[in-house]
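To keep things clear, I will list the structure first and then write my remarks on it.
Values below: every heavy atom of this structure, side chains too, minus hydrogens, waters and symmetry copies. Numbers for residues simply follow the sequence, beginning at 1.
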Amino acid sequence: FLLSTGEIVQVLPEPETVLLNKKKKFWKSIALTRLARTRYEAAGFYIPGRTDNVMICGGYLVRDRFDLEDPVSLCETIDLSASAPVWRDAAPMNFPRGDSNAVLLPDGKVLIVGGGEAHRYDSPNLRPEMYDPETGIWTLMAPETFGRMYHSTAVLLPDGRVLSAGQDDDSADGRVSGAWGEVFSPPYLFTGKRPAIRTAPAEAGYGAEIEIKVTTSKKISKVVLIGLSAVTHSTNVGQRYVPLEFDRTRQSKLSVSIVKNANLAPPGYYMLFAVNDKGVPSVAKMIHIS
């Protein structure tokens with residue numbers, strides 16, 4: 001994970017958390033996970049809205065490289081902006097999961113999708129669960145049709161839904177299919193009318209002030225960037241969640257400040273969401289930050 005300082009941290013699969021100093025070009029050990037065990041295919045993600053805070057959940061404990069124990073439900077967090085970072089226990093998931101995927105949502109919550117409760121191709125868990133960083137509570141969501149485990153993917157779509165797809169092996173009982181995708185609609189799509197971004201620039205620089213036109217500005221509570229995704233082996237570090245400061249200039253217009261620090265939003269394409277006071281997101285506009 002890229003930190004706001006420009007340093008890079010590796011949090012798994014080894015129990016040692018190591019930091020790459022970009023100037024001195026060496027790795028330094030800074031912390032040890034609570035389990036102090038190597039574990040594969042845990043879901044790792046930036047905690048939305050908390051700069052340099054990372055969370056890891058689940059994963060298979062490792063006896064040796066090709067001998068895996070059943071996964072765990074344990075979650076841990078670390079604040080990498082602290083002078084002496086320490087891993088701390090967080091609320092565990094409802095189920096143990098290996099090979100699950102974490103998806104950052106525009107309302108600031110995190111959806112954990114798929115995974116199995118045994119080794120890679122066994123006992124798929126069909127119940128996604130949603131984590132609320134504000135309350136620390138996990139909530140079970142509607143089940144998938146197919147299991148999604150080893151080499152599966154899950155990504156946020158511009159309309160606020162989540163695409164869950166793939167797996168490299170089909171099961172004989174039909175509970176897993178690498179050939180079919182499924183789309184999940186989060187609860188925020190069922191809580192009232194959606195706001196809309198009518199106009200937004202296609203490109204913006206760091207520190208720029210941009211103007212976006214929305215259906216009604218007085219109900220907008222958040223404007224966020226979410227990076228486009230590329231996910232493998234439960235790892236997706238491109239989907240960072242970047243809250244933006246904004247002012248209401250007119251009834252239907254917002255003046256939005258792009259972050260100045262490129263480490264918070266590395267150059268590339270992002271989905272720009274406006275979220276209302278009920279947590280309902282707009283359909284995203286694509287914007288290139290450079």
Glu76 and Thr33: side-chain donor and acceptor closer than 3.5 Å?
no
Mind checking what makes side chain to side chain donor-acceptor pair (under 3.5 Å) contact with Glu211, not counting sequence neighbours?
none
Give a yes or no answer on whether the side chain of Arg194 reaches the backbone of Val280 with a donor-acceptor pair at less than 3.5 Å.
no
Has the side chain of Arg161 got a donor or acceptor atom that lies under 3.5 Å from a matching backbone atom of Pro186?
no
Step by step, work out the side-chain contact (heavy atoms from CB on, under 4.5 Å) result for Asn53 and Ile78.
CA-CA 6 Å; Asn53 278 241; Ile78 190 169; over 6 Å; no
So does Ile112 get a backbone contact from the side chain of Ser100, meaning a donor-acceptor N/O pair under 3.5 Å?
no
Closest non-hydrogen contact found for Ala265 with Tyr206 is O-OH, 2.6 Å
Let's go through Thr17 and Trp87 carefully: what are the C-alpha distance in whole Å and the side-chain angles of both, what is the deciding distance for side-chain hydrogen bond (donor to acceptor under 3.5 Å, both in side chains) to 0.1 Å, and is it a yes or a no?
CA-CA 9 Å; Thr17 302; Trp87 284 100; 2.7 Å; yes
Are the side chains of Leu2 and Pro266 in touch, meaning some heavy atoms are under 4.5 Å apart?
yes
Leu74 vs Met93, test: side-chain contact (heavy atoms from CB on, under 4.5 Å). Steps then yes/no.
CA-CA 7 Å; Leu74 176 74; Met93 298 181 291; over 6 Å; no
Mind checking the CG-OG1 spacing from Leu12 to Thr235? Nearest 0.5 Å is all I need.
8.5 Å
Once you round to the nearest 0.5 Å, how far does CG of Asn261 lie from OG1 of Thr5?
9.0 Å
Can you list the steps and then say if Glu182 with Phe146 is a side-chain contact (heavy atoms from CB on, under 4.5 Å)?
CA-CA 8 Å; Glu182 302 175 63; Phe146 299 111; 3.6 Å; yes
Joint cluster assignment, Met286 & Val259, ILVMFWY side-chain distance < 4.5 Å
no
Checking Ser257 against Glu209 for the side-chain hydrogen bond (donor to acceptor under 3.5 Å, both in side chains) test, could you report, in this order, the C-alpha distance in whole Å, the side-chain angles of both residues, the deciding distance, and whether it holds?
CA-CA 5 Å; Ser257 302; Glu209 296 288 328; 2.6 Å; yes
Closest approach of Ala165 to Gly181 (non-hydrogen atoms, all atoms of both residues):
CB-CA, 3.9 Å
Does Glu69 come within less than 4.0 Å of Arg37, counting only side-chain N to carboxylate O?
yes
Tell me, yes or no, whether the heavy-atom count around Tyr269 atom OH, taken from other residues, nucleotides or ligands under 6.0 Å, exceeds 12.
no
Would you say the side chain of Lys219 lies within less than 4.5 Å of the side chain of Pro195, judging by non-hydrogen atoms?
no
Would you check if the distance from the ring center of Tyr40 to the ring center of His233 is below 6.0 Å?
no
side-chain contact (heavy atoms from CB on, under 4.5 Å) assessment of Met55 paired with Tyr131
CA-CA 11 Å; Met55 188 167 181; Tyr131 178 70; 3.7 Å; yes
If the threshold is 4.0 Å, N to carboxylate O, is there a salt bridge linking Arg127 and Glu144?
no
Using modelled atom types only, decide if a donor and an acceptor are shared between the side chain of Ser123 and the backbone of Ala118 within a distance under 3.5 Å.
no
Does anything in residues 272-290 pair up under salt bridge (charged side-chain N to carboxylate O under 4.0 Å, His left out), and if so which pairs, sequence neighbours excluded?
none
Check whether Tyr241 reaches the backbone of Pro106 with its side chain - one donor and one acceptor, N or O, closer than 3.5 Å.
yes
Measure the shortest side-chain to side-chain distance between Thr139 and Asp132 over non-hydrogen atoms and say whether it is less than 4.5 angstrom.
no
Verify, without hydrogens or angle tests, whether Arg50 (side chain) and Pro133 (backbone) share a donor-acceptor contact under 3.5 angstrom.
yes
Nearest-0.5 Å distance, NZ of residue Lys193 to OG1 of residue Thr216:
9.5 Å
Heavy-atom closest pair (Phe45 atom, Cys57 atom, distance to 0.1 Å) is CE2-SG, 4.3 Å
Is it true that the side chains of Tyr46 and Asp52 contain a donor and an acceptor less than 3.5 Å apart?
no
Distance-only donor-acceptor hits, side chain of residues 247-254, under 3.5 Å, sequence neighbours excluded:
unit_1, atom_1, unit_2, atom_2, d
Arg248, NE, Ser217, O, 2.7
Arg248, NH2, Ile220, O, 2.3
Thr249, OG1, Lys253, O, 3.4

State plainly whether one hydrophobic cluster holds both Ile289 and Phe246, where clusters connect Ile, Leu, Val, Met, Phe, Trp and Tyr through side-chain heavy atoms under 4.5 angstrom apart.
yes
Between Gln239 (side chain) and Leu228 (backbone), is there a donor-acceptor pair under 3.5 Å?
no
Distance (rounded to the nearest 0.5 Å) between Glu245 CD and Ile258 CD1
11.5 Å
Between Phe1 and Ile56, is there shared hydrophobic-cluster membership here, with clusters defined by ILVMFWY side-chain heavy atoms closer than 4.5 Å?
yes
Correct closest heavy-atom pair for Gly6 and Asn263 would be N-ND2, 3.3 Å
Close side-chain approach of Leu111 and Leu105, heavy atoms under 4.5 Å:
yes
Is there a side-chain contact between Phe273 and Val223 in this structure, where contact means two heavy atoms from C-beta onward sitting under 4.5 Å apart?
no
dist Ile210:CD1 -> Ile287:CD1 (nearest 0.5 Å) comes out at 4.0 Å
When clusters are formed by joining ILVMFWY residues with side-chain heavy atoms under 4.5 Å apart, either directly or through shared neighbours, do Leu126 and Leu140 land in the same one?
no
Would a 4.5 Å heavy-atom cut-off, applied to side chains only, mark Trp27 and Leu19 as touching?
no
Taking all atoms of both residues into account, what is the closest heavy-atom pair of Ser164 and Arg148, and its distance?
OG-CG, 3.4 Å
Is any side-chain heavy atom of Leu244 less than 4.5 Å from a side-chain heavy atom of Leu225?
yes
Which heavy-atom pair separates Pro201 from Ile212 by the least distance, and what is that distance?
CD-CG2, 4.3 Å
Please determine, by modelled atom types, if Ser152 and Asn101 share a side-chain donor-acceptor pair under 3.5 angstrom.
yes
Has Tyr188 got a side-chain atom pairing as donor or acceptor with Gly160's backbone, closer than 3.5 angstrom?
yes
Inter-residue atom distance Glu41.CD - Ser234.OG, 0.5 Å rounding
6.0 Å
Do the non-hydrogen side-chain atoms of Pro48 and Val110 ever get within less than 4.5 Å of each other?
yes
Among the clusters formed by ILVMFWY side chains lying less than 4.5 Å apart, do Val103 and Phe184 turn up in the same one?
yes
Under 3.5 Å, is there a donor-acceptor pair between the side chain of Asp79 and the main chain of Val86?
no
Residues Asn236 and Ser229: side-chain donor-acceptor under 3.5 angstrom
yes
Walk me through whether Thr38 and Glu14 qualify under side-chain hydrogen bond (donor to acceptor under 3.5 Å, both in side chains).
CA-CA 5 Å; Thr38 297; Glu14 292 81 8; over 6 Å; no
